[in-house]
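Keep in mind that what you see is a predicted model, and the values were worked out from it rather than measured. A, B, ... follow the sequence lines: proteins, then strands. Residue 1 opens every chain.
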2 protein chains.
Amino acid sequence: MTVPTGRRERKKAAKRQKIADTALRLFLERGYDAVGIRDVAAEADVAVTTLFAHFPAKEALVFEQDADFEQRLTRAVTDRAPDAPLIPALRREVLALVRHCTGDGAGPIWHMIDSSPALRKYEESMQLRHAEVLAAAIEAEFAPPRTATACRTIARFAIAAYTLAREAAEPEAALDETFQMIEAAWEATRPA
Amino acid sequence: MTVPTGRRERKKAAKRQKIADTALRLFLERGYDAVGIRDVAAEADVAVTTLFAHFPAKEALVFEQDADFEQRLTRAVTDRAPDAPLIPALRREVLALVRHCTGDGAGPIWHMIDSSPALRKYEESMQLRHAEVLAAAIEAEFAPPRTATACRTIARFAIAAYTLAREAAEPEAALDETFQMIEAAWEATRPA
DNA sequence: TTCGAAAAACTAACCGTTAGTTCTACGGTT
DNA sequence: AACCGTAGAACTAACGGTTAGTTTTTCGAA
């Protein structure tokens, strides 16, 4: 029962990273649609089946850090100080995520995503999954007296805030405005 | 330059309907995944390419009345009495749509949709498209003084209300609650 | 009746994805 | 140090949705 320090897992993670890096490079060089799964596998020197063992779909190669996103959101809810209000905690985390996406050299990647219907669709489903996980975290803490519907609604709103901010001309201003709306919506569900 | 009374277009529409009906029947008989595009085409006595000339994807065969949905939503905004408030008008239309989906013999169809990841994904994209169209309609009427971000946010919220209500145990109660939240959010954007 | 154009058909593939199988390399045990 | 058991990786071969390219049919207008 040794702790998972295995070399195997390091190799696996390295291979996964190599596949993702190769894929992203090829996609940006030649365009997402112009690069096939077989191209990526060949360039990364792995079998096609190996690629699909690490990633569930072609689109997942682009959204490699999917899991992080989800974790950060739920932790913003569960790890906040006791009795700290929900909405500002959510707002802080979503703001960080938006900054992460609009900053540094992420421009070309998002341009690629916006240009590909397949990638946009995939991102949509991803975000709905995130909304459901976030909803579960919120319900776990507020379910009584807040209703499940109210919690799920707020979760959806928070994800929508992220998306709309990312697309807006002035992301941070848009986020401020949207979260004012979310705050009002959350207040409206406060039990008498 | 005769008005479009053509027999051609009637035939075309009839063929389209026949394809959709055949597909839905086969899907419900044997299951969505168990029926291939080639099966549908054969049973409807058309070529595969003809099928794709009428429907952009396999999933579209199930969501045949997609366009209606979109039109009804936008009309709820544009065709309401002058100076009538926005949110109640939206609420009324969304309620009608929810009733249409949860009522009569629609059960098996929605069960099929909920069981198929492909269909769920397709419905998600559809709804986001609807949200964008609805957002455009709202912006066209409220853009000054309301911001574009606020309008887009409300459109997303309205679509989310539909989805959450459809999934809830008590759809109409869920809709009431969600729209109270939406009303509060909309009020929060009222300019000073 | 004839002509032009739109619709439908046929062929033949491309591409993402998966099942089935075999090979290989690592980790724990003796 | 030699030995298994297992998990990762590879190969093959296909399936199913989708599309490009081309030809044939069908209808409306002149």
Side-chain angles (χ1 to χ4, degrees), chain A residues 1-20 22-24 26-27 30-63 112 116-123 125-126, chain B residues 1-20 22-24 26-27 30-63 112 116-123 125-126:
Chain A
M1 194 65 76
T2 43
V3 205
T5 320
R7 165 159 61 214
R8 239 177 188 167
E9 323 190 350
R10 250 181 301 128
K11 275 205 168 183
K12 186 175 180 182
K15 189 153 275 187
R16 182 196 149 91
Q17 197 59 44
K18 184 181 179 185
I19 295 173
T22 304
L24 197 56
L26 291 186
F27 290 159
R30 309 183 205 161
Y32 179 76
D33 288 325
V35 178
I37 283 289
R38 291 162 178 90
D39 299 329
V40 176
E43 184 87 5
D45 199 30
V46 297
V48 172
T49 44
T50 303
L51 190 154
F52 278 106
H54 287 277
F55 300 92
K58 184 190 183 186
E59 298 91 37
L61 290 166
V62 175
F63 298 99
M112 174 179 82
S116 161
L119 286 176
R120 280 215 307 273
K121 260 180 105 164
Y122 190 85
E123 199 204 354
S125 320
M126 244 181 51
Chain B
M1 194 66 75
T2 43
V3 206
T5 320
R7 165 158 61 214
R8 232 176 192 167
E9 323 190 349
R10 251 182 300 128
K11 275 207 168 181
K12 186 175 180 181
K15 189 154 275 189
R16 181 196 149 92
Q17 197 60 43
K18 183 182 180 185
I19 294 173
T22 304
L24 197 56
L26 291 186
F27 290 160
R30 309 182 205 163
Y32 179 76
D33 289 324
V35 178
I37 284 289
R38 292 164 178 90
D39 298 329
V40 176
E43 183 86 5
D45 199 29
V46 297
V48 172
T49 45
T50 303
L51 189 154
F52 278 106
H54 287 276
F55 299 92
K58 185 190 183 187
E59 297 90 35
L61 291 166
V62 174
F63 298 99
M112 174 178 81
S116 161
L119 287 175
R120 280 214 308 273
K121 258 181 109 165
Y122 191 85
E123 198 204 355
S125 322
M126 243 181 52

Apply salt bridge (Lys or Arg N to Asp or Glu O under 4.0 Å) to Glu123(B) and list each qualifying residue two or more places apart in sequence or on a separate chain. Arg166(B)

Length of the [atom1]-[atom2] vector between [X] and [N], whole Å:
X: Leu61(B); N: dG16(D); atom1: CG; atom2: C1'; answer: 14 Å
X: Lys121(A); N: dT18(D); atom1: NZ; atom2: C1'; answer: 13 Å
X: Leu51(B); N: dC10(C); atom1: CG; atom2: C1'; answer: 15 Å
X: Phe52(A); N: dT12(D); atom1: CZ; atom2: C1'; answer: 16 Å

Let me confirm one number: the CG-CG distance from Leu61(A) to Leu51(A), rounded to the nearest 0.5 Å. 5.0 Å

Just by protein heavy atoms under 4.0 Å, how would nucleotides 4-9 of chain D read 5' to 3' in B, S and -? --BBSS

Would you say Val35(A) and Lys58(A) make side-chain contact, with heavy atoms under 4.5 Å? no

Identify, with sequence neighbours excluded, every residue that meets side-chain contact (heavy atoms from CB on, under 4.5 Å) alongside Lys121(B). Tyr122(A), Ser125(A), Glu124(B)

Taking only residues at least two apart or on different chains, which pairs with a member in residues 33-42 of chain B satisfy side-chain hydrogen bond (donor to acceptor under 3.5 Å, both in side chains)? none

Only counting residues at least two apart or in another chain, list the ones meeting side chain to side chain donor-acceptor pair (under 3.5 Å) with Thr49(B). none

Close residues, residues 30-41 of chain B, relative to DNA chain C [heavy-atom separation under 4.0 Å]: Arg38(B)

What residues form a ring pair (Phe, Tyr, Trp, His ring centres under 6.0 Å) with Phe52(A), not counting sequence neighbours? none

Would you please name every residue forming a ring pair (Phe, Tyr, Trp, His ring centres under 6.0 Å) with Tyr32(B), sequence neighbours left out? Phe27(B)

